[in-house]
Amino acid sequence: MVPVGEPRRKALRSTAAGTLSAALVAGAAFGVAPAALATPAPVTAADSAGPRFVDIEGDGGTVLKANVFTPSDAKPGTRYPAIVLPTSWAMPQIEYVAQAKKLADSGYVVVGYNSRGFWQSGGEIETAGPEDIADARKVVDWTLAHTPADPDRLGMAGVSYGAGISLLAAAHDPRVKAVAALSGWADLIDSIYSGRTQHKQAAGLLGGLGEVTGRPGPELRQILKDFLASNLDQEDEMIAWGAKRSPATYVDALNKNGTAVMLGNAWGDSLFPPNQYADFYEKLTGPKRLEFRPGDHATAEATGLLGLPNDVWSNSQRWFDRYLKGERNGIDQELPVQLKSRTTGAYEGYADWKSVGAKSTRIALDGTHTVRANADSGANGGIVMLTGLLDQFAKIPPMASIPLLPRSRAAVWQSERYATAKQVRGTAKVHTTVTSNESSGTLVAYLYDVGPLGLGKLVSHAPLTFHDKAPGKPFGVDLELFSTAYDVPAGHRLAVVVDTVDPLYIEHNPTGAQLTFSSPAADPSHVSVPLREQ
């Protein structure tokens, strides 16, 4: 692990304290005193309403701190549907208490537990590794043995880290019949190493919070050290490490189990971008649902953790009501892909993900443009955890003055002005030809909505890094930008900007590097935008 400096450590402690304070507020919302949260009460009966704080023996005897809710009107001898909730990265065991109480009030047994390596749970952080999967199965065992849970009606849910563990556990344990995976990952490598580019701020945030709130294991420390140090000699090992921890690796097992899977994420998730969830959704063959909303990592679900009305949690409960209780509540009759526009806030339904961007428009990336690397043009993707939050609540995405971007540092192309409003829905794709005077390099492509005065609002972006290219020899590049739902007003145009530096990512441009973007007649460069009339 890269050492955390004292100013950064203090900031991370402040972040962790704020997170804990929010969880304590959630606990206070239904009368759990802080003293009770700090000192778990002993279990005196298997069918008390809760919350009850218990110790569960995880894999290898590791103690997992947990809390249990059961329906207040539970009847002796009666079995109830059950939901297991692994905590998010760096969150304490009380993270889900507000939602757990709501679920218990509607007839569920709910067991929330602190993932190993964090807070008071034992062990070290294994980053959703085999130990975490084994822990989840042990918690399921405990739930069936110590609560009135029905073994045929058991589900799992979680936010972020809890979402990933829930999907992995369901793939390895057919007892898990339904999952709601919120702001999680399907492909860990495609999330924080997309385009073979290290997501520097995302990895740094996760590593720092792990140091402050838990005990990272030696494997995690080494992986993060190699990752942030750009140790390409260990790339194969890093990819294998990530694949073992990716639900996408086990999609065949999920399909064989017939698990009912609901996926929810935010358009601007700066830890786990939406594309990898959409790709995973398309590979699922059982009951499934995909929801995307404005926001950043876990911000769409956040108000629900405090017990406030929240669409994500409401739909999660409807999902479990349908597939654990068997209620005919209509959720399986709705169009399974539900998108919320970043611009209007309105929901749209689609039959599948491919239908979202079925129609596309090509914008030519013509001419030849040479840019100097190692210098920021002013175009960038924002700040981890903050950018998507501003877009969600204030509709303020990152901005740049397109006419003022220095053409020595950024290649710029623009469409014509659109007479009518347009909708961008799905995934824009850049195809171009690149020539570098070095064997390695990084580029970042941006799509902007440009107003009459030239001010561009970021619609989407994505990075790409290349290695082992012959200097001076052109090569083709295909890059998918992060998926989105954005409305372009009438009178505006779209702009594509490509530069070489973004604070979100580690760049691999040697000193003095130059990138030339061209459009050969036999293979014209273009961006394909899923654009349609509003």
Using only heavy-atom distances, determine whether the side chains of [X] and [Y] contain a donor-acceptor pair under 3.5 Å.
X    : Y    : answer
S519 : D366 : no
T370 : Q514 : no
T368 : S518 : no
Y350 : E348 : yes
S355 : D352 : yes
D523 : H431 : yes
R532 : Q423 : yes
H297 : S160 : yes
T442 : N509 : no
Y347 : R293 : yes

Roughly how far, to the nearest 0.5 Å, is [atom2] of [Y] from [atom1] of [X]?
X    : Y    : atom1 : atom2 : result
S341 : Q534 : OG    : CD    : 8.0 Å
L504 : Q198 : CG    : CD    : 13.0 Å
H467 : S230 : NE2   : OG    : 7.5 Å
L390 : K395 : CG    : NZ    : 12.5 Å
Q234 : I223 : CD    : CD1   : 8.0 Å
L458 : L447 : CG    : CG    : 8.0 Å

Do [X] and [Y] come close enough that some side-chain heavy atom pair is under 4.5 Å?
X    : Y    : result
Y281 : V337 : yes
V498 : Y446 : no
V527 : V496 : yes
W89  : T127 : yes
V450 : H492 : no
L182 : W313 : yes
F227 : M238 : yes
T500 : V371 : yes

Do any side-chain atoms of residues 199-209 form donor-acceptor pairs under 3.5 angstrom with protein atoms, and if so which ones, sequence neighbours left out?
{"residue": "H199", "atom": "ND1", "partner": "S191", "partner atom": "O", "Å": "3.4"}
{"residue": "H199", "atom": "NE2", "partner": "S194", "partner atom": "OG", "Å": "2.7"}
{"residue": "Q201", "atom": "OE1", "partner": "V384", "partner atom": "N", "Å": "2.9"}
{"residue": "Q201", "atom": "NE2", "partner": "P503", "partner atom": "O", "Å": "3.1"}

Can you establish whether the number of heavy atoms outside [X] located under 6.0 Å from its atom [atom1] is more than 12?
X    : atom1 : result
D468 : CG    : no
R362 : CZ    : no
K429 : NZ    : no
I383 : CD1   : no

Distance-only criterion, 3.5 Å: show the donor-acceptor pairs between side-chain atoms of residues 480-487 and protein atoms not counting sequence neighbours.
{"residue": "S483", "atom": "OG", "partner": "N275", "partner atom": "OD1", "Å": "3.4"}
{"residue": "S483", "atom": "OG", "partner": "T427", "partner atom": "OG1", "Å": "2.6"}
{"residue": "T484", "atom": "OG1", "partner": "R342", "partner atom": "NH1", "Å": "2.9"}
{"residue": "Y486", "atom": "OH", "partner": "D449", "partner atom": "OD2", "Å": "2.6"}
{"residue": "D487", "atom": "OD1", "partner": "R425", "partner atom": "NH1", "Å": "2.9"}
{"residue": "D487", "atom": "OD1", "partner": "R425", "partner atom": "NH2", "Å": "2.8"}

### Message
For F280 together with W185, are the ring centres under 6.0 Å from each other?
### Response
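Centroid separation for W185 and F280: 6.0 Å or greater.
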### Query
Are the aromatic ring centres of F292 and W353 under 6.0 angstrom apart?
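For F292 and W353, the ring centres are under 6.0 Å apart.
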Heavy atoms only: give me the nearest [X]-[Y] pair and the separation to one decimal.
X    : Y    : answer
S377 : P406 : O-CD, 3.3 Å
P247 : R245 : CD-O, 3.7 Å
Y448 : P398 : CE2-O, 4.3 Å
L188 : G242 : CB-O, 4.0 Å
P520 : T433 : CD-OG1, 3.5 Å

#### Entry: Worked verdict on I125 versus F118 for side-chain contact (heavy atoms from CB on, under 4.5 Å)
CA-CA 7 Å; I125 302 171; F118 287 105; 3.5 Å; yes
### Message
Looking at L405, is its backbone amide N or carbonyl O close enough to the side chain of R407 to form a donor-acceptor pair, meaning the two atoms are under 3.5 Å apart?
### Response
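Yes, the answer is positive, given that a donor and an acceptor are paired below the 3.5 Å cut-off.
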### Query
When you look at T420 and E533, which way does the side-chain contact (heavy atoms from CB on, under 4.5 Å) test go after all the steps?
CA-CA 7 Å; T420 59; E533 299 291 336; 2.7 Å; yes
### Task
Check L365, V477, L464 against V430 for a side-chain contact (heavy atoms from CB on, under 4.5 Å) and give me the one that passes.
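Exactly one option meets the side-chain contact (heavy atoms from CB on, under 4.5 Å) with V430, and it is L365.
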May I ask you to decide whether [X] forms a salt bridge with [Y], counting only side-chain N to carboxylate O separations under 4.0 Å?
X    : Y    : value
E219 : K225 : no
R221 : E211 : yes
K469 : E438 : no

### Message
Could you go through T516 and T435, starting from their C-alpha distance and side-chain angles, then the distance that decides it, and tell me whether this counts as side-chain hydrogen bond (donor to acceptor under 3.5 Å, both in side chains)?
### Response
CA-CA 5 Å; T516 298; T435 306; 5.8 Å; no
### Task
Could you check R116 against E126 for salt bridge (charged side-chain N to carboxylate O under 4.0 Å, His left out), going step by step and ending with a plain yes or no?
CA-CA 8 Å; R116 70 164 50 221; E126 302 294 345; 5.1 Å; no
### Query
So H369 and W413, would you call those rings parallel, tilted or perpendicular, with 30° and 60° as cut-offs?
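The rings of H369 and W413 stand perpendicular, inter-plane angle above 60°.
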### Message
Apply side-chain hydrogen bond (donor to acceptor under 3.5 Å, both in side chains) to residues E301 and N310 and explain how you reach the verdict.
### Response
CA-CA 7 Å; E301 304 89 352; N310 182 279; over 6 Å; no
#### Entry: side-chain hydrogen bond (donor to acceptor under 3.5 Å, both in side chains) involving Y193 - partner list, sequence neighbours excluded
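By the side-chain hydrogen bond (donor to acceptor under 3.5 Å, both in side chains) rule, Y193 matches E235.
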### Task
Give the C-alpha distance, both sets of side-chain angles, the deciding distance and a yes or no for side-chain hydrogen bond (donor to acceptor under 3.5 Å, both in side chains) between T299 and Q392.
CA-CA 9 Å; T299 62; Q392 177 181 356; 2.6 Å; yes
### Query
Yes or no on side-chain contact (heavy atoms from CB on, under 4.5 Å) for L443 and L479, after CA distance, side-chain angles and deciding distance?
CA-CA 10 Å; L443 60 92; L479 175 61; 4.3 Å; yes
### Task
Begin from the C-alpha positions of D269 and S183 and carry the test side-chain contact (heavy atoms from CB on, under 4.5 Å) through to its verdict.
CA-CA 8 Å; D269 193 317; S183 291; 4.1 Å; yes
